[in-house]
Every structure is written in C-alpha cells, then in structure tokens.
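Take a look at the structure set out below.
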Amino acid sequence: IGYYRDATARPQVEVACKDKVAEVRRSAVYVLGRLEDPKSVPVVEGLLKDPDVSVRAGAAQALGELRSSASKTVLEGLLKDSDKAVQASAARSLLMLGDSAALETAKSLVGDPDISVRLLSIDALGWSRDPAAGSTLESLLTEAPADSRTAVQEALARHQQLRKQK
C-alpha cells in the first residue's frame with residue numbers, strides 16, 4: 001500500500017496502528033510515512049508514546065517522511081529518548097526537515113555497537129546538507145565497520161546530491 005502511495009488506504013492503516021501486536025503497529029506506521037498524507041500526523045505522533053521501541057522509532061521516521069515541520073519540537077524531545085534507535089530515527093527526521101540541531105546526535109551514534117543504531121545514524125547524516133555531515137561520512141568510508149560501509153556510501157551520495165540542490 002505504501003509503495004503505491006494510495007492515500008485512500010489511510011483510514012484502514014490508521015486502524016492497524018491500534019493493533020495489539022507491535023509488529024502490526026510498526027508496519028502500519030511505516031506505511032503511513034510512505035503514504036505522505038499529512039492527515040496522518042496526529043496518529044503517528046500518538047505512536048511516539050508506544051511501549052515498543054521499534055514502533056516509536058518507526059513513528060519518528062514516519063514524521064520525517066510526512067515532512068511534518070510542525071512535529072519538530074516533538075522530534076527534538078526524542079533526541080533524548082532512552083533508546084538510541086529512537087534518537088537516531090528522530091535525528092534522521094529532523095535532518096530531513098532541514099533542522100541541523102540533530103546533526104550532533106547523529107554523529108554521536110555512528111560508532112554505536114548496535115548495527116541498527118549505527119545504520120540509522122549513518123542514514124540520518126545522509127539527509128543533512130551540512131558540510132560537517134559530509135566530512136563525517138567521508139571519514140566513515142574507511143573507519144566504519146565493513147557491515148556499515150555500503151550504508152555510508154549511499155548516505156554520502158544522498159548528502160552530495162542534496163548539497164547540489166541547495
């Protein structure tokens with residue numbers, strides 16, 4: 001559904017966001033982000049309080065996909081979430097929204113031992129137009145663990161493309 005960006009599916013997907021199973025809620029919030037329908041923002045913001053970390057991280061990412069600049073304050077608060085994946089996801093969304101305040105958070109997480117946090121933070125840096133993000137990504141080309149280098153290359157390419165569009 002999200003792949004085709006069929007906004008008519010939004011009401012049914014929003015119902016799935018209330019499912020008892022965390023995996024269903026996580027998938028639903030991912031789809032809402034892909035639908036890019038701003039009417040979904042209140043539902044997605046509600047999932048930022050979900051007890052499941054993967055749902056909260058997914059909701060933080062979805063707000064970036066929804067380009068919800070009204071959610072910046074909420075996302076900034078998530079930079080201090082107890083879970084690093086949520087922090088990295090919030091940083092990604094803020095950087096997608098052009099808020100460079102999240103740059104330091106993303107940079108601080110690129111060396112995390114948890115590969116999912118590392119990959120999220122690398123991806124976040126790729127959404128920044130700030131030259132400091134590019135410098136960090138360039139240094140990671142040789143310094144990052146082998147399991148992260150493809151992500152670094154992709155993020156650096158996106159960063160460079162965004163800088164050209166400036």
Side-chain angles (χ1 to χ4, degrees), residues 2-3 5 17 25-38 40-41 43-50 52-141 144-145 147-166:
Y3 178 77
R5 292 189 167 87
C17 288
R25 294 192 308 276
R26 181 180 62 232
S27 295
V29 77
Y30 170 80
V31 170
L32 287 178
R34 298 281 299 163
L35 291 177
E36 298 179 358
D37 185 343
S40 297
V41 170
V43 172
V44 173
E45 283 186 347
L47 290 170
L48 293 171
K49 297 177 180 118
D50 196 277
D52 187 90
V53 170
S54 67
V55 175
R56 288 199 323 271
Q61 283 189 11
L63 289 173
E65 299 291 336
L66 291 167
R67 304 293 195 265
S68 175
S69 57
S71 300
K72 280 186 177 181
T73 303
V74 174
L75 288 166
E76 287 169 355
L78 292 177
L79 295 175
K80 296 179 177 103
D81 192 272
S82 61
D83 188 86
K84 291 179 184 179
V86 175
Q87 293 173 21
S89 296
R92 176 186 183 267
S93 288
L94 285 165
L95 291 169
M96 288 178 81
L97 295 169
D99 186 340
S100 60
L103 185 59
E104 291 307 313
T105 299
K107 286 170 56 176
S108 73
L109 295 172
V110 296
D112 197 86
D114 181 337
I115 187 168
S116 63
V117 171
R118 200 165 53 242
L119 294 176
L120 283 168
S121 61
I122 289 167
D123 183 58
L125 291 173
W127 286 102
S128 176
R129 287 186 163 99
D130 191 307
S135 298
T136 300
L137 289 167
E138 286 172 0
S139 68
L140 288 172
L141 284 172
D147 61 4
S148 304
R149 289 196 189 126
T150 300
V152 172
Q153 292 167 346
E154 291 170 357
L156 184 58
R158 186 175 49 253
H159 166 77
Q160 291 168 341
Q161 185 175 19
L162 288 171
R163 298 257 315 145
K164 287 180 188 174
Q165 293 173 3
K166 205 169 190 184

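When a residue number appears, it is its place in the shown sequence, counting from 1.
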Taken in chain and number order and not counting sequence neighbours, the residues that satisfy side-chain contact (heavy atoms from CB on, under 4.5 Å) with Ala88 are Leu109, Leu120, Ser121

In this structure, CE of Met96 is separated from OG of Ser69 (nearest 0.5 Å) by 13.0 Å

Quick check against the 3.5 Å criterion: does Ser93 have a side-chain atom that pairs as donor or acceptor with the backbone of Ala90?
no

Is a donor from one side chain sitting under 3.5 angstrom from an acceptor on the other, for Ser54 and Asp52?
yes

Which residues pass the side-chain hydrogen bond (donor to acceptor under 3.5 Å, both in side chains) test with Ser71, sequence neighbours left out?
Glu45, Ser68

Run the side-chain contact (heavy atoms from CB on, under 4.5 Å) test against Glu138 and tell me which residues pass, sequence neighbours left out.
Leu156, Gln160

Could you list all the salt bridge (charged side-chain N to carboxylate O under 4.0 Å, His left out) pairs where at least one residue sits in residues 91-117, not counting sequence neighbours?
Glu65-Arg92, Lys84-Asp112, Arg92-Asp123, Glu104-Lys107

So if I apply the side chain to side chain donor-acceptor pair (under 3.5 Å) rule between Arg56 and each of Asp81, Asp83, Asp50, which one comes out positive?
Asp81

To check you understand the geometry: which heavy-atom pair defines the closest contact between Pro38 and Leu66, and what is its length?
N-CD2, 4.5 Å

Please lay out, stage by stage, how Leu79 and Leu94 fare under the test side chain to side chain contact (heavy atoms under 4.5 Å, CB included).
CA-CA 10 Å; Leu79 295 175; Leu94 285 165; 3.8 Å; yes

Hey, are the side chains of Leu162 and Gln165 touching, using non-hydrogen atoms and a 4.5 Å cut-off?
yes

Checking Ala106 now: which residues fulfil side-chain contact (heavy atoms from CB on, under 4.5 Å) with it, not counting sequence neighbours?
Ala91, Leu95, Ala124, Leu125

Chi angles and distances behind the side chain to side chain contact (heavy atoms under 4.5 Å, CB included) call for His159, Arg129
CA-CA 6 Å; His159 166 77; Arg129 287 186 163 99; 5.6 Å; no

Looking at every non-hydrogen atom in both residues, tell me the closest pair between Val55 and Arg25 and how far apart they are.
CG2-CB, 4.0 Å

Could you tell me which non-hydrogen atom of Val44 sits nearest to which non-hydrogen atom of Ala59, and how far apart they are?
CG1-O, 3.3 Å

Would you mind reporting whether Arg67 and Glu36 have side-chain heavy atoms less than 4.5 Å apart?
no

Yes or no on side chain to side chain contact (heavy atoms under 4.5 Å, CB included) for Leu97 and Leu75, after CA distance, side-chain angles and deciding distance?
CA-CA 11 Å; Leu97 295 169; Leu75 288 166; 3.9 Å; yes

All side-chain contact (heavy atoms from CB on, under 4.5 Å) counterparts of Pro145, not counting sequence neighbours
Arg118, Asp147, Ser148

Determine the minimum heavy-atom distance between Leu78 and Ala60, stating which atoms define it.
CD1-CB, 4.0 Å

Below 4.5 Å, heavy atoms only, C-beta onward: do Leu32 and Asp37 meet side chain to side chain?
no

Do Leu35 and Ser40 have side-chain heavy atoms sitting under 4.5 Å apart?
no

CD of Gln153 to CG of Leu140: how many Å apart, nearest 0.5 Å?
11.5 Å

